[in-house]
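Just below is one structure, and these are the notes that go with it.
Proteins come first, then strands; the chains are lettered A, B, ... in the order of their sequence lines, and each starts at number 1.
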4 protein chains.
Amino acid sequence: MSMNTFGHLFRVTTWGESHGPAIGATVDGCPPGVPLTSDMLQHWLDRRKPGTSKYTTQRREADQVEILSGVFEGVTTGTPIQLMIQNTDQRSKDYSDIAEKFRPGHADITYWQKYGIRDYRGGGRSSARETASRVAAGGVAREAIKSLLPDLQIKGYMVQMGPHNIDPINFDLSQIDKNPFWTPDAAAAEHWATYLDGLRKSGSSVGASVEIMIKGAPAGLGAPIYAKLDTDLAAACMSINAVKGVEIGEGMGAAILTGEENADEITMGPDGPIYSSNHAGGILGGISTGQDIVVRFAVKPTSSILSPRNTITKSGEETEIITKGRHDPCVGIRAVPVGEAMVACVILDHLLLHRGQIGENKGAIG
Amino acid sequence: MSMNTFGHLFRVTTWGESHGPAIGATVDGCPPGVPLTSDMLQHWLDRRKPGTSKYTTQRREADQVEILSGVFEGVTTGTPIQLMIQNTDQRSKDYSDIAEKFRPGHADITYWQKYGIRDYRGGGRSSARETASRVAAGGVAREAIKSLLPDLQIKGYMVQMGPHNIDPINFDLSQIDKNPFWTPDAAAAEHWATYLDGLRKSGSSVGASVEIMIKGAPAGLGAPIYAKLDTDLAAACMSINAVKGVEIGEGMGAAILTGEENADEITMGPDGPIYSSNHAGGILGGISTGQDIVVRFAVKPTSSILSPRNTITKSGEETEIITKGRHDPCVGIRAVPVGEAMVACVILDHLLLHRGQIGENKGAIG
Amino acid sequence: MSMNTFGHLFRVTTWGESHGPAIGATVDGCPPGVPLTSDMLQHWLDRRKPGTSKYTTQRREADQVEILSGVFEGVTTGTPIQLMIQNTDQRSKDYSDIAEKFRPGHADITYWQKYGIRDYRGGGRSSARETASRVAAGGVAREAIKSLLPDLQIKGYMVQMGPHNIDPINFDLSQIDKNPFWTPDAAAAEHWATYLDGLRKSGSSVGASVEIMIKGAPAGLGAPIYAKLDTDLAAACMSINAVKGVEIGEGMGAAILTGEENADEITMGPDGPIYSSNHAGGILGGISTGQDIVVRFAVKPTSSILSPRNTITKSGEETEIITKGRHDPCVGIRAVPVGEAMVACVILDHLLLHRGQIGENKGAIG
Amino acid sequence: MSMNTFGHLFRVTTWGESHGPAIGATVDGCPPGVPLTSDMLQHWLDRRKPGTSKYTTQRREADQVEILSGVFEGVTTGTPIQLMIQNTDQRSKDYSDIAEKFRPGHADITYWQKYGIRDYRGGGRSSARETASRVAAGGVAREAIKSLLPDLQIKGYMVQMGPHNIDPINFDLSQIDKNPFWTPDAAAAEHWATYLDGLRKSGSSVGASVEIMIKGAPAGLGAPIYAKLDTDLAAACMSINAVKGVEIGEGMGAAILTGEENADEITMGPDGPIYSSNHAGGILGGISTGQDIVVRFAVKPTSSILSPRNTITKSGEETEIITKGRHDPCVGIRAVPVGEAMVACVILDHLLLHRGQIGENKGAIG
């Protein structure tokens, strides 16, 4: 991980600003021979696209991805894949006010303090728009995973919006695509709709928690000590805009458990080890166990709200700001496809890393 | 971050197994001219050393660190610093039982499944003993930071043991070194002593939460998009044995806040911006604001407990295991100096990265 | 250096194929605040552009570079700079013959053997067209160097074409821009013109040697042991298409010298050390001395010639091939700006690396 | 490649100074299950060891390597392998004179100028003693290669000493181990013995050229654009002390060839492609062809000679120096096992990289 590049062997570099001509991702290290078209990537981008429901920003972006390199006659060649998304709805005038004022909770002030210059239009490089590039790159990772492990599934969904959790009893993965919140709890979806509509109308915003589940990952992924699978998943998720916490399995809740409660006991099944529970979230010692891998992250509320906030200008004068742009009342919603994409990149990277160092042979049990 | 190496410019590679001849860290990229002796490092190692109280493992290790390279006449030369800690109390006989059985909650089974071979003595590479090397490397980072920013402080402490949180009203950093739990709440320390003694006697264990606070870090540390300061802190902490969750500022709790509650408003103070609150934990857009940086992580209970647990053998037979070794009832205690060390490495790394790309000039305010 | 990325802190990733929609470079780690426009980059690209004289390929490419990100209001922001060059003259029909046959001396066969798929149009990823992206990235490096060290100069020139060397007596840097061969020997330029015209008309080709001289680099650049300045320069030059050898200072000729002949004696001048000679090429122990840094590399003759050559097809049948495309009789000519660009990237990278680890302080002499 | 670390997946970090307590290498990314003992490594170290003939330095070093980690019950575990070689013959008194004076041709002055501090005893970090660590790491790479490709051979040998080349007619690989110069030309060995003895007695020194041949490497190793196999070989060799030039196949001589002379024509043999010649040195477009890979590098004469040389002191005073230590009249001799070791590391690294990205499938011919 180096500045704007993520990954060991499957390496993604994103580039571009919210209101420049384009954004994109340079994807290096993809295996050759993977069928890939821009339509395959568009499928995932359309899930993140703004304006798909009243609960997301009304900025209109086609978010049309173009593949500029690395694919020949419909399959990857093993050379860098350049993905470009042109910015079409730039409306720079919306952002003239923030050229001088720093929006509280945004990266305006820190980019200024670090670089002494910032593209203030819509957040520039720190805009959540950058995550479209990640979704495109994640789409490449998904197709490469499919060619290696067709049964591996990566499913992201919201488990909390503000103070409202989902009810585990209602958990049903098939519900995810049936509501605008990507939540597996149909009852929660209804309740959240009302709740969020109220927030939206009042110009407020709220945080959320997103969970990503990986089914079908083989045992053995991850590498000690600093390329542990959970380490890389944590980095991948924490790098997403507005994320403030990352958990694996029990997560922060592991602090309250005793050893007896936490240990996932092992028995032998017909196809290998079976675990009595999954407190570990599918990872032990940084290496996957073959169980479901469970990652969770919290997204803070967007800081762009209609209530005036105290702030200062570049010249140090105190003032107030209202951020009037077209924003998401709950950015956690659009963080779902972004989280899935980052997780897909990590999984593919570790599949390749494992194959590189170890090959196909592993310790058999039984 | 590549396998066993951590960091961009200040790079730490740890090596060694619990019961091999030695463990250690190879530290590359340290600035030259930093005063450094093994005594300076020993100070930090002694805090992590086992057997310092009845609440930590009774394994006896001198944990004496030797500097084999990179220091000449008492100062760093800018070349790699090799730190070696010999393993003196190896008692391999304690571990003969686990050569065939996998301990639930440990990395035994995943190392076997990944590599097809593992040093089963005391956890081998996945033993928490590896963290001594991190503490030594963190000691180097601390001295280098001191030569750059003498006032920067890194303070780690326990904020939760099992179900018992500290009381914010009692928070007093000066208490940290006065109790065996590194907690800033003197009352909690007393209560925890009784609680943990009970757990220890019953052969049980419990999880914990550790917080690290960095005071005096300048604004501007961190680099988008994948080398964000919070990304690297999350990776650093998640890479520590038994950690299952990492939070910055509000952390997972950010999910329940509204935008109004979460925004840290800004006013102008005599020396620069002042924030009305610190929900962000000192980081916006991956870059430090100059406020206190606040990182928190949860440590699961050690899986080595006296209650028998179901497990399987390498040949796939079902069996039970009791882990009789000399273990910590709450590994979170010794995770405090480890967390501090990892955070010190991240901060130094980002100080150097920032200086490399940006130099000394930054955007002034006012 | 990882696959298609070059550099430690100033990192360049090139992407794109000869006959895809575009090629380009993703440049990460550039310091902020550097004035940068596409015109500044175009200046260097125009030097490499095909078709500027009868001695280079007649393929017509505008080679117009666009800056898609990382620059705001005419200066760099410190975020990734995406440089794109659209491919305009693709003429895929010229290359239909080589879809099945491997051209001897080209990468056709190795790309096929490695990846099992290749973009056969005009060499695809292995085409020298990729070097345009390097020249663009090198232009960014040059501007960043200028902002740090205005007096540093990077000058590339041809010193040998086939059997014909330049005469050191005629060496005059001011001649470089006055002949189509970028040679500092005006007499050689005349002679080479006749020689190369003959080769061109006969459909043959010839090798060349290129030297790059860096004037004004400070002492202290480079880092032991594997990021030595000469190591990185060697890697940078060897990575250029068709390069088969790289030399620093005396280069391969160092093998015939005695210790007495080779030692560059040191005396003290008004501004620091003065060397009696420069056999070392400005680098000792991998670190710059402050003298001129001298790098040389040999470029093989292009393998695209009109004489039929024996080869095989993908299905293993023996056949002959004549490569009729529009090719350079001496690719060494266009390698001059490419070599300069790679060297510029290395120098900037080491300036930043040095500043990162060491800061501004160094050992003074006298 | 980052400072003192070399390699992508198989990563070697060397550490240690000539006159510190020890030197060594931290080897990360080695495949698990490779049989490895310190005796296997000692075999290669003994070839580089000083004092084995009168043609190498008379410094006495046992150069006994210890494996401190990463090996369990005689096989590698896939975790970091720490190799340590204690310095036994340190004789610091020999070097007191050079604490103040800079030896011409040595890194004394550049280390001082870069770091402002240097371990002046025997060259410290820049001493050729560091290369023992490389030979140990190369020994690990050799064993790992053997487990993957038992027939792959890496053979290094001297092809030139000062002005004296070997005669290709006498080339016989079986001669290499029969003379103190590792040369395949028995007649040259005799002639060189007399020549070097004269130089040694007069306190002079001379340069040399070393060639490394890799037989049995599969087609397909290497990755565009900056991790080309020849790029990494060039970096590996240029990073060796005193190396000033690196060549692949024709090397610098490629400059004088025409396209007709240089093209290695291809026909079809029973087991795949057969080439009429090997001007390319086994690499096309940065990827191996399956032919012998041929790398050559030039080593400058050691700068430690008995003739007095002009130099300056740290305080800028002009003076003379005679380097009286125990030095090699031709360091090229001991560069042979070092070159082999570096090449072994590169080959293993690329075998793993290729397996990681591509797996086992490649483009078949015929």
Would the distance check show the side chain of [X] and the main-chain N or O of [Y] forming a donor-acceptor pair, the cut-off being under 3.5 Å?
X         : Y         : result
Lys114(A) : Ala219(B) : no
Ser239(A) : Thr231(B) : no
Asn4(B)   : Pro224(A) : yes

Tyr226(A)/Arg134(B) under side chain to side chain contact (heavy atoms under 4.5 Å, CB included): CA gap, chis, key distance, verdict:
CA-CA 11 Å; Tyr226(A) 301 111; Arg134(B) 304 184 188 216; 3.4 Å; yes

Heavy-atom cut-off 4.5 Å, strictly under: side chain, backbone, both or neither for [X] against chain A?
X         : value
Asp264(B) : backbone
Gln357(B) : side chain
Tyr275(B) : side chain
Glu260(B) : both
Ser276(B) : neither
Ile305(B) : side chain
Ala364(B) : backbone

Min side-chain heavy-atom separation [X]-[Y] under 4.5 Å:
X         : Y         : answer
Leu257(B) : Lys300(A) : no
Met238(B) : Leu233(A) : no
Thr319(A) : Met268(B) : no

Passing candidate, side-chain contact (heavy atoms from CB on, under 4.5 Å) with Ile266(A), options Ile321(B), Asn310(B), Ile109(B):
Ile109(B)

Among Ser205(A), Ala107(A), Pro104(A), who wins on heavy-atom pairs under 4.5 Å with chain B?
Ser205(A)

Name the region of Ala280(A), side chain, backbone, both or neither, that has any atom closer than 4.5 Å to a heavy atom of chain B.
both

Rounded distance [0.5 Å steps], CD1 in Ile240(A) versus NZ in Lys228(B)
8.5 Å

